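Residue numbers start from 1 in every chain, and the chains themselves are labelled A, B, ... in the order their sequence lines are given, proteins ahead of strands. These figures come from a predicted structure and were not determined experimentally.
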Amino acid sequence: MPWKGEKDPYKIWLSEIILQQTRVEQGRSYYENFIQNYPTISQLAKAKDEKVFKLWEGLGYYNRCKNLLFTARYIAKELNGVFPGNYEDILTLKGVGPYTAAAIASFAFNLPHAVVDGNVFRVLSRVFAIDTAIDSTAGKSEFSILADEVLDRKEPGIYNQAIMDFGATVCKPFAPLCNHCPLQKICKAYLEGKVNYLPVKEKVLQKKNRWFYYFLFQHDGKILIHQRLMKDIWENLFEFYLAESNEHLHWNEASVKEWLYEQLGIEKAEIVHISPQFAQQLTHQNVKGQFIKVILPAIPTTLEHHEWLSLQQIRQLAFPKFINQYLETGALQASLF
DNA sequence: AATCCGGGGCG
DNA sequence: CGCCCAGGATT
């Protein structure tokens, strides 16, 4: 990893935020782009929200990006640009929880705080054959205490890196390399034949189905754009005019015109195109939908206080992948539609 | 304590 | 298709 052996708390913090629930190979290029654009925390603090979100586009969990900016500005202004140097103060930073605080404290300042991430849960649950659910409050507490007990207090940074590397490459979720494992003789799960049953999780997550029908309203060379600011998926990202449904709707020119009239009072509209179905799987919901291009000769009163942007302005904005899938088909050319 | 937040990779 | 990923915030 490019940040291995790194001692700059800014770079460690940035990489750890990027790597929350994110594979190293997925986050690497994002990390490099951020460091190239913002080599120091004060430069990140001065950045415009829109540019930072554009850099984060596609990485997911967009509140990480919001908190990243907030914390950069907090450190730049309130702490004179000096990154906090102890676990308790690091933990107070927005977007920084127990894992990230321990990672920064141990990697940057060699302080004795044990990281407990998905790798550590897995390694400890197997080596000690603990079947307490890792997603329960009791489990989090039990594994944190155990992780602290087995931490190497002389080299906490190296130890933390090592146990996570070990979990990622040897003690893997599926098909772990028990045959070559140096802990074979002391691993309780291996000795008891329980490796494939650990760690234990108790919660099963439910998936919802949602149908997103996006109207690309064009008027006078501009398109209606909306920023998602509600507590929902894709917070702070941009989108077109959204009609959401909890069921599959079948659109044709007549049903679109009827919908436009009944919902928005639009009488004159040219239905240019109705896209095929698009879909995206999220961790906790399935999003399906279509995109409908509409040219409006006049802006209806119901759409007056929305933002209308040119293609050039739209290209600067960060969109969810669901929309980018559609845009990548070449749906928005220079001549619009 | 329960629920929510993305997107990618892998078997 | 289900699970997991160098987790955290909110309610």
Side-chain angles (χ1 to χ4, degrees), chain A residues 1-4 6 12-31 53 56-68 70-71 90-107 113-123 125 133-141 143-144 147 157 159-169 171-176 196 198-208 210 228 230-237 279-287 318-325:
Chain A
M1 296 192 286
W3 46 82
K4 208 151 203 169
E6 181 62 58
I12 293 169
W13 164 68
L14 174 63
S15 69
E16 292 301 340
I17 300 298
I18 288 175
L19 290 177
Q20 286 167 3
Q21 293 293 286
T22 303
R23 291 170 192 274
V24 172
E25 286 316 313
Q26 188 189 352
R28 182 191 303 277
S29 65
Y30 284 87
Y31 171 77
F53 271 92
W56 195 275
E57 183 182 41
L59 196 52
Y61 285 147
Y62 296 93
N63 269 326
R64 289 186 293 172
C65 183
K66 181 182 173 185
N67 291 332
L68 185 82
F70 179 93
T71 295
I90 296 170
L91 188 57
T92 66
L93 301 175
K94 271 194 183 174
V96 173
Y99 163 77
T100 305
I104 298 172
S106 64
F107 298 158
H113 296 275
V115 293
V116 185
D117 74 333
N119 293 302
V120 176
F121 275 119
R122 189 169 56 253
V123 171
S125 71
I134 62 172
D135 54 351
S136 66
T137 304
K140 282 170 190 160
S141 166
F143 283 99
S144 296
Y159 170 87
N160 279 336
Q161 297 259 7
I163 190 171
M164 290 192 286
D165 277 346
F166 178 71
T169 59
C171 198
K172 300 184 290 181
F174 296 99
N196 294 330
L198 294 170
V200 171
K201 277 198 175 185
E202 65 182 8
K203 296 182 179 65
V204 189
L205 96 153
Q206 289 276 63
K207 276 207 175 187
K208 275 190 297 187
R210 302 172 73 175
R228 295 179 64 85
M230 58 288 232
K231 287 240 169 288
D232 194 4
I233 58 172
W234 306 328
E235 194 174 342
N236 293 301
L237 299 198
Q280 186 189 357
Q281 315 247 3
L282 284 71
T283 300
H284 31 274
Q285 42 194 297
N286 298 313
V287 178
F319 289 95
K321 181 180 168 85
F322 182 77
I323 292 177
N324 276 330
Q325 280 184 113

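Residue A:Asn67 places its side chain closer to C:dA9 than to any other of C:dA9, C:dT10, C:dC5. Of the candidate nucleotides B:dC5, B:dT3, C:dC5, B:dT3 has the atom nearest to the side chain of A:Lys203. Closest to the side chain of A:Lys321, out of B:dG7, B:dC5, C:dG7, is B:dG7. If you check B:dC5, B:dG7, C:dG7 against the side chain of A:Gln285, the one that comes closest is B:dC5.
Remark: P of C:dG2 and CD of A:Gln281 are 9 Å apart, rounded to the nearest angstrom. Atom-to-atom, CG of A:Leu205 to P of C:dC1 comes out at 15 Å; the value is rounded to the nearest Å. Straight-line distance from the OH atom of A:Tyr30 to the P atom of C:dC5: 20 Å, rounded to whole Å. Straight-line distance from the CE atom of A:Met230 to the C1' atom of C:dT10: 18 Å, rounded to whole Å. Rounded to whole Å, the distance from OH on A:Tyr61 to C1' on C:dC5 is 9 Å. The distance from atom CG of A:Leu19 to atom C1' of B:dG6 is 15 Å, rounded to the nearest whole Å. Look at CG on A:Asp232: it is 12 Å from C1' on B:dG6, rounded to the nearest Å. What separates NZ of A:Lys231 from P of C:dG8 is a distance of 18 Å, to the nearest Å.
Residues A:Lys94 and A:Arg23 both approach DNA chain C. Their nearest nucleotides, taken by heavy-atom distance, put A:Arg23 toward the 5′ side. Of the two residues contacting DNA chain B, namely A:Ala138 and A:Gln26, the nearest-nucleotide position lying further toward the 5' end is that of A:Ala138. Sequence order on DNA chain B of the closest nucleotides to A:Phe322 and A:Lys208 puts A:Lys208 first from the 5' end.
Residue A:Arg64 comes nearest to A:Ile18 through the heavy atom pair NH1-O, 2.9 Å, listed as atom of the first residue, atom of the second, then distance. Nearest heavy atom pair, residue A:Val123 against residue A:Cys171, reads CG2-CB, 3.9 Å.
When heavy atoms are screened at a 4.0 angstrom cut-off, A:Asn63 is found touching no nucleic acid atom at all. No engagement by A:Gln325 is indicated, since no non-hydrogen atom pair under 4.0 Å with the nucleic acid exists. A:Gly167 comes within contact range of no nucleotide atom at all, as no heavy-atom separation falls under 4.0 Å. Backbone-only engagement by A:Val96 is indicated by non-hydrogen atom pairs under 4.0 Å involving sugar-phosphate atoms exclusively. Counting non-hydrogen atoms under 4.0 angstrom, A:Leu59 reaches a base of the nucleic acid. Residue contacts for A:Thr100: at a heavy-atom cut-off of 4.0 Å it reaches the sugar-phosphate backbone alone, with no base atom in range. If you check every strand for non-hydrogen atoms under 4.0 Å, A:Glu25 touches nothing. Using a 4.0 Å heavy-atom cutoff across all strands shown, A:Asn160 reaches no nucleic acid atom at all.
OP1 or OP2 of C:dC5 lies within a sub-4.0 Å distance of a side-chain N or O belonging to A:Arg122. At B:dG7, one or more side-chain N or O atoms of A:Tyr62 fall inside 4.0 Å of OP1 or OP2 (strictly under the cut-off). Checking the phosphate oxygens (OP1, OP2) of B:dC5, no side-chain nitrogen or oxygen of A:Gln21 falls inside 4.0 Å. Taking 4.0 angstrom as the limit, A:Trp56 places none of its side-chain polar atoms (N or O) nearer than this to OP1 or OP2 of B:dG6.
Taking atom P on both B:dG8 and C:dA9, the two are 24 Å apart, rounded to the nearest angstrom.
Taking 3.5 Å as the limit, the base of C:dG8 and the side chain of A:Gln20 contain no donor-acceptor pair of atoms between them. The base of B:dG7 is not paired with the side chain of A:Thr22 by any donor and acceptor separated by under 3.5 Å. Contact annotation: side chain of A:Tyr99 to base of C:dG7, donor-acceptor pair absent below 3.5 Å.
A salt bridge links A:Arg210 with A:Asp232: the closest approach of a Lys/Arg side-chain nitrogen to an acidic carboxylate oxygen falls below 4.0 angstrom.
Separating the CD1 atom in A:Ile90 from the OG1 atom in A:Thr71 is a distance of 12.0 Å, to the nearest 0.5 Å.
Of the residues listed (A:His113, A:Gln20, A:Glu16), the one engaging A:Tyr99 in a side chain to side chain donor-acceptor pair (under 3.5 Å) is A:Glu16, and it is the only one.
Atom CD of A:Gln206 has 12 or fewer heavy atoms from other residues, nucleotides or ligands within 6.0 Å.
The aromatic ring of A:His284 sits over the base of B:dC5, with ring centres less than 5.5 Å apart and planes inclined by under 30°.
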Please determine whether side-chain hydrogen bond (donor to acceptor under 3.5 Å, both in side chains) holds for the pair A:Arg122 and A:Asn119, giving the CA-CA distance in whole Å, both sets of side-chain angles, and the decisive distance to 0.1 Å.
CA-CA 5 Å; A:Arg122 189 169 56 253; A:Asn119 293 302; 2.8 Å; yes

